[in-house]
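Note sheet for the following structure.
Throughout, protein chains are lettered first and strands after them, A, B, ... in sequence-line order, and every chain is numbered starting at 1.
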Amino acid sequence: MPGALDLARRPCITAPADPNEGPMSRYDPADIEPKWQAAWDAAESFRARHDPAKPKYYVLEMFPYPSGRIHMGHVRNYTMGDVVARYKSSCGFSVLHPMGWDAFGMPAENAAMERGGHPKDWTYGNIADMKAQMKPLGLSIDWSREFATCDPEYYGQQQAMFIDMLEAGLVYRKAAVVNWDPVDMTVLANEQVIEGKGWRSGAEVERRELTQWFFKITDYADELLSAIDGLEAWPEKVRLMQRNWIGKSKGLSFEFGVKNAPAGFEKLPIYTTRPDTMWGPTFAAIAADHPLAKALEKDNPEVAAFCAKCRAMGTSEAAIEAAEKLGLDTGLKVTHPADPSLELPLWIANFVLMDYGTGAIIGCPAHDQRDLDFARKYGLPVIDVFKPLGSDEAVGNTAFVPQKTEKVRYVHWHGPADTEITCQEAMDRTLALYEKNGWGTAQVQYRLRDWGISRQRYWGCPIPVIHCEKCGVVPEKKENLPVRLPDDVSFDLPGNPLDRHPTWRDCTCPSCGGKGRRETDTMDTFVDSSWYFARFTAPHAATPTDPAECDYWMNVDQYIGGIEHAILHLLYSRFFCRAMKATGHLPAKAIEPFNALFTQGMVTHEIYMTRDARGRAVYHLPEDVTDGKLADGTAVEVIPSAKMSKSKKNVVDPVDIVKNFGADTARWFILSDSPPERDVEWTASGAEAAYKFLGRVWRLAAEVDSRGAGDASQDQALLKAMHRAIADVTAGIEGFAFNKSVAALYTLANAVQRSDASATAKGTAMRATAQLIAPMTPHLAEEIWSMLGGSGLVAEAPWPKADPAMLVEDEVLLPIQINGKKRSEIAVPKDMDKAEVEKLVLADETVVKVLAGGTPKKVIVVPGRIVNVVV
RNA sequence: GCCCGAGUGGCGGAAUGGUAGACGCAAGCGACUCAAACUCGCUCGGAGCAAUCCAUGCCGGUUCGAGUCCGGCCUCGGGCACCA
């Protein structure tokens, strides 16, 4: 078990040459890193240049929330982006690699409530701190383009676009439910609702309706879905998640009749994706927020009590779905559209969502597990619509839900009994029948809902509209933008300070000049992050975007961030770019803003835990644990691969790592071993190993000229290893497999170290090493590049090319399998023909022994790869 | 609950359907050293004297050949629309 990271244990790596060293006789990151950072600054190496003569490359990491401290996840994210940026720059691209801050959001308000102070001061202070922590990493960022989304200059442009989108009909208002804390009298975010209670007050959270602003993302549902096909450089899993999220379905839309219904509710609209089961439902159910439920609860206390119970639950789908399924029989009956004499009981159920479909369902227990659980719980009948081929067994407690393409035997449906067809076929036939008889219509439906952007909070982009008694809702005049957040606010009371700020809230109507009231809701922070990448192309333009700059720099060629953003952020951005295009703020080519996407894994670390007298977990910092024990000798329990979190005390601070080992070590480690898309476990021993390796590379470079004449006959072998490394490192970077690039560099370093080739050849190999390692450990690369007489900055040297002639091997070692298991091998010329190989294989000692004079059933020769003898 | 992933030595991982374990960590042995650290060299999935056998989360299937493809599970992680 690795011990804790002991900073005092940092190995001392020295060159053997001169013990009475000058400053340059050992690898000393504290000396070389600031030196090269200053050199890059002086050369303006990372300024993005709009150069029409060069192809451009835009690489972007998801910008951070300014929490105040960078963590290893940031280091991993930005290092990956930096590798790509530096590599592409070496390949001759004009690179844009910017950085900014996703600066609005709840934590700033929470800090103001808990510690006093102003969200603005807290946020800008955090930005300054984090930037100071990031600078020593040596990232090739063009800091001249930096901005924060809370800069009025940024959010004012966002307000201008909001007004344009409002006028284009892409924005509207409607009622929607929020989590309401009845004690604090405030709206809560889903994460502030813990087991159905407010996180501060502990009060039971209620669902409450408010009128809120929405973006019409559903207008683009089909377009957002079909365009996913074109996102070929996105991870397949993200494309699949987005497709499922949009959730296009084709189904049957129909109406149940409602007997003895309250006035206006004689018909109950339903949508079902399974029309083939229309003879299988044994109940219908509506959401507690359904208008019919609301009508019923007015004069039925039992219904009112049940609906209240359903509403006493947060708004999150996960909470609703995971909760115990509850229902109440309204006593009303609904009638089947195809046969009005067939009546079903109408229930109110807590798992029916008002937001999805019509807020009402048919319950077909035999073929839906949730409906079956509900039916069993409340003693409702179960009717088998179809059965598996060759079985007549009725459904028990497991619903029968075959693939739609599977053939089943329909026993109770609109066609003849015992018809054996697929569910898809039955659905198609039923749909056609319902349409023909006027019982219902085929309808395409999406799961995607419109994007609610209203937040009842201060620290966000103000929604630039005014409510006027005479004119209604009126957008602010563009010349009055930005609508700035007032600074004189306090957070001593719960709720939104904008709501109780008289001089800010009260204003004149831009249309009639009469008395108006500002909208006090601010925008969801996902709006801020839906276009920042476009703003980076012209961060100080007087309009949201600058057409010439957009035309040159868009789209983002490589976007890198966490998988947790696979759906919301990326889908909202895709929509927002379409809305920007529709309002003239983006060119058509930018409606899909991210050409390629890469989703990285987390950085994890072991947790060290003991238990107190009462058996409760006590966590310990890595620096307090040595060889699995605390200072007093108590053994700790080690939990591997846990997400870093302050409460578990398993956080490693990048600042400490950089201070003690240097940025290059942090960068090298974070790229080593684990593939970028997977989680990486930070270990102290791994960090030390990274540091040792960089020292070894430095020493190899320092020793090139001091190890005698060497043996020139070994030069060719070393140069071959160099070209192999060029090919492998390049392939690793291109394929986002930086761990393989790292492995290839280890292999090259080992080859140089073990070789007795001439100093000339070693110099060549080490200069290539400098270039190949530069994207990952740029400071060390510059240092050895200059030591080895490379010209200029390695950051500005062109990427080396592998000579294909140096990559071919003339002879291959061919494994020989017998019945698929390796038993022997032979060395043959690379392009020897099959028959020749077969002849040699059959003469092989092991093969002869196994065959014992017989003939093989089959000999499979895969040229250059393998031979399999089947006996 | 629903959607999406991931599971390979003591550890991180490598492997166009073709030699399972590249590269590295840890460990062990040796060299250097008064000694240690650093550095360098060697060994290193398990069982067995060996021939061999067993091994890629579990169970089945396709194939001359499966870590890789298909079906069914298990465990862990991400998302579920107001965390960012």
Side-chain angles (χ1 to χ4, degrees), chain A residues 1-2 9 11-14 16 62 64-65 67 102 104-107 178-179 187-193 235-238 240-245 247 314-323 325 351 355 369-370 373 447-457 524-526 529 562-569 571-572 599 601-602 604 640-641 643 672-675 677-681 683 685-686 688-690 692-693 695-696 699 737 739-740 742-747 750 753 813-817 819-825 856-860 862 865-870:
Chain A
M1 161 186 345
R9 245 172 31 200
C12 175
I13 295 172
T14 54
M62 290 179 185
Y65 179 79
S67 61
D102 188 13
F104 275 136
M106 289 200 309
V178 294
N179 300 308
V187 177
L188 298 178
N190 283 337
E191 74 155 9
Q192 296 173 319
V193 179
E236 192 48 49
K237 61 181 168 182
V238 175
L240 192 54
M241 279 191 266
Q242 292 218 351
R243 284 192 188 102
N244 291 341
W245 186 262
T315 58
S316 95
E317 192 181 318
I320 293 165
E321 290 281 342
K325 309 288 174 277
F351 61 85
D355 284 327
Q369 190 60 44
R370 194 170 56 183
D373 294 343
R447 201 186 78 98
L448 181 69
R449 308 198 296 256
D450 274 335
W451 175 12
I453 61 154
S454 290
R455 297 293 180 269
Q456 295 70 41
R457 280 184 251 288
D524 178 8
T525 56
F526 274 125
S529 56
I563 185 68
E564 67 272 20
H565 296 293
I567 296 172
L568 294 179
H569 162 58
L571 189 62
Y572 289 150
T599 56
M602 292 183 304
T604 64
S641 308
K643 185 177 185 168
S672 305
D673 295 352
S674 287
E677 68 277 13
R678 285 229 223 142
D679 292 352
V680 62
E681 172 114 353
T683 63
S685 58
E688 282 181 10
K692 286 186 199 176
F693 176 71
R696 187 149 70 94
R699 218 167 40 247
N739 55 320
K740 292 190 220 168
V742 166
L745 278 158
Y746 268 103
T747 306
N750 290 343
Q753 189 160 338
L813 206 56
L814 218 51
I816 300 173
Q817 294 182 328
N819 292 337
K821 294 202 170 183
K822 191 200 161 193
R823 284 290 178 268
S824 183
E825 57 190 15
K857 282 186 194 151
K858 206 173 185 183
V859 179
I860 295 149
V862 185
R865 299 222 59 115
I866 204 163
V867 181
N868 192 8
V869 182
V870 186

Among B/rG1, B/rC3, B/rG13, the one nearest any side-chain atom of A/Ala322 is B/rG1

Any A/Thr599 side-chain heavy atom under 4.5 Å of A/Lys237 side chain | yes

With the side chain of A/Asn244 defined as its heavy atoms from C-beta on, choose the nearest nucleotide among B/rA14, B/rC4, B/rC64.
-> B/rC4

Would you say the side chains of A/Asp679 and A/Ser674 form a donor-acceptor pair under 3.5 Å?
-> no

Test item: A/Val680 and A/Asn739 side chains (from C-beta on) under 4.5 Å apart, heavy atoms = no

Has the side chain of A/Asp673 got a donor or acceptor that lies under 3.5 Å from a partner of the other kind on the base of B/rG13?
-> no

Tell me: CD of A/Glu677 to P of B/rG13, nearest whole Å?
-> 10 Å

Hey, does the side chain of A/Asn819 come within less than 4.0 Å of B/rC64's phosphate (OP1/OP2), counting only N and O?
-> no

Could you give the distance separating B/rG48 and B/rG41 at their C1' atoms, to the nearest angstrom?
-> 29 Å

For nucleotides B/rC70 and B/rG5, find the distance between their P atoms and express it as a whole number of Å.
-> 11 Å

Gap between atoms CD and P, on A/Glu688 and B/rA26 respectively (whole Å) = 8 Å

When you compare B/rA26 with B/rC38, how far apart are their P atoms, in angstrom units rounded to a whole number?
-> 10 Å

B/rG61 to B/rC11 separation - C1' atoms, rounded to the nearest Å = 33 Å

Any A/Lys821 side-chain nitrogen or oxygen under 4.0 Å from OP1 or OP2 of B/rC53 = no

Would you kindly give the CZ-to-P distance between A/Arg823 and B/rU52, to the nearest whole Å?
-> 7 Å

Counting heavy atoms from C-beta on, name the nucleotide in B/rC53, B/rU16, B/rC64 closest to the side chain of A/Val870.
-> B/rC64

How far, in whole Å, is B/rC54 from B/rU8 if one measures between their C1' atoms?
-> 15 Å

Syn within 90° of 0, anti beyond: B/rG13 is anti

Are the side chain of A/Arg447 and the backbone N or O of A/Trp245 linked by a donor-acceptor pair below 3.5 Å?
-> yes

Any donor-acceptor N/O pair, A/Glu321 side chain to A/Phe351 backbone, under 3.5 Å | no

When the P atoms of B/rU52 and B/rG30 are considered, how many whole Å apart are they?
-> 32 Å

Nucleotide by nucleotide, 5' to 3', does protein get under 4.0 Å of the base (B), only the sugar-phosphate (S), or neither (-) in nucleotides 79-84 of chain B, counting heavy atoms?
-> SBBBSB

Output for pair (A/Ser529 OG, A/Tyr572 OH), nearest 0.5 Å, gives 10.0 Å

Is the backbone of A/Leu188 close enough, under 3.5 Å, to the side chain of A/Asn179 for a donor and an acceptor to pair up by distance?
-> yes

Along RNA chain B (nearest heavy atom to each residue), the more 5'-positioned of A/Arg678 and A/Ile860 = A/Arg678

Close side-chain approach of A/Asn819 to A/Val870, heavy-atom, < 4.5 Å | yes

Across the strands shown, which category fits A/Lys740 at heavy-atom distances under 4.0 angstrom: base, sugar-phosphate, nothing?
-> sugar-phosphate

Side-chain touch A/His565/A/Val238, heavy atoms, less than 4.5 angstrom = no

Between the protein and nucleotides 40-50 of chain B, which nitrogen or oxygen pairs come in under 3.5 angstrom?
{"residue": "B/rC40", "atom": "OP1", "partner": "A/Gln753", "partner atom": "NE2", "Å": "3.0"}

B/rG24 phosphate, OP1 or OP2: any side-chain N/O from A/Asn750 under 4.0 angstrom?
-> yes

In dot-bracket form, how is RNA chain B paired, counting a Watson-Crick or G-U wobble pair only if both its distances are under 3.5 Å and using | for bases paired to another strand?
-> (((((((..(((.....[....))).(((((.......))))).(((....)))..(((((..]....))))))))))))....

Sticking with atom C1', work out how far B/rG13 lies from B/rG7, rounded to a whole angstrom.
-> 13 Å

Provide the distance between the two C1' atoms, one in B/rA47 and one in B/rA55, to the nearest whole Å.
-> 11 Å

Heavy atoms, side chains only, cut-off 4.5 Å: are A/Met241 and A/Ile563 in contact?
-> yes

Select one nucleotide: of B/rC23, B/rC64, B/rG13, the one nearest the side-chain heavy atoms of A/Ala743.
-> B/rC23

Roughly how far, to the nearest 0.5 Å, is CG of A/Asp673 from OG1 of A/Thr683?
-> 8.0 Å

For A/Lys858 and A/Pro856, indicate whether the former's side chain and the latter's backbone hold a donor-acceptor pair under 3.5 Å.
-> no

Taking the side chain as every heavy atom from C-beta outward, state whether A/Trp451 and A/Asp524 have any pair of such atoms under 4.5 Å apart.
-> yes

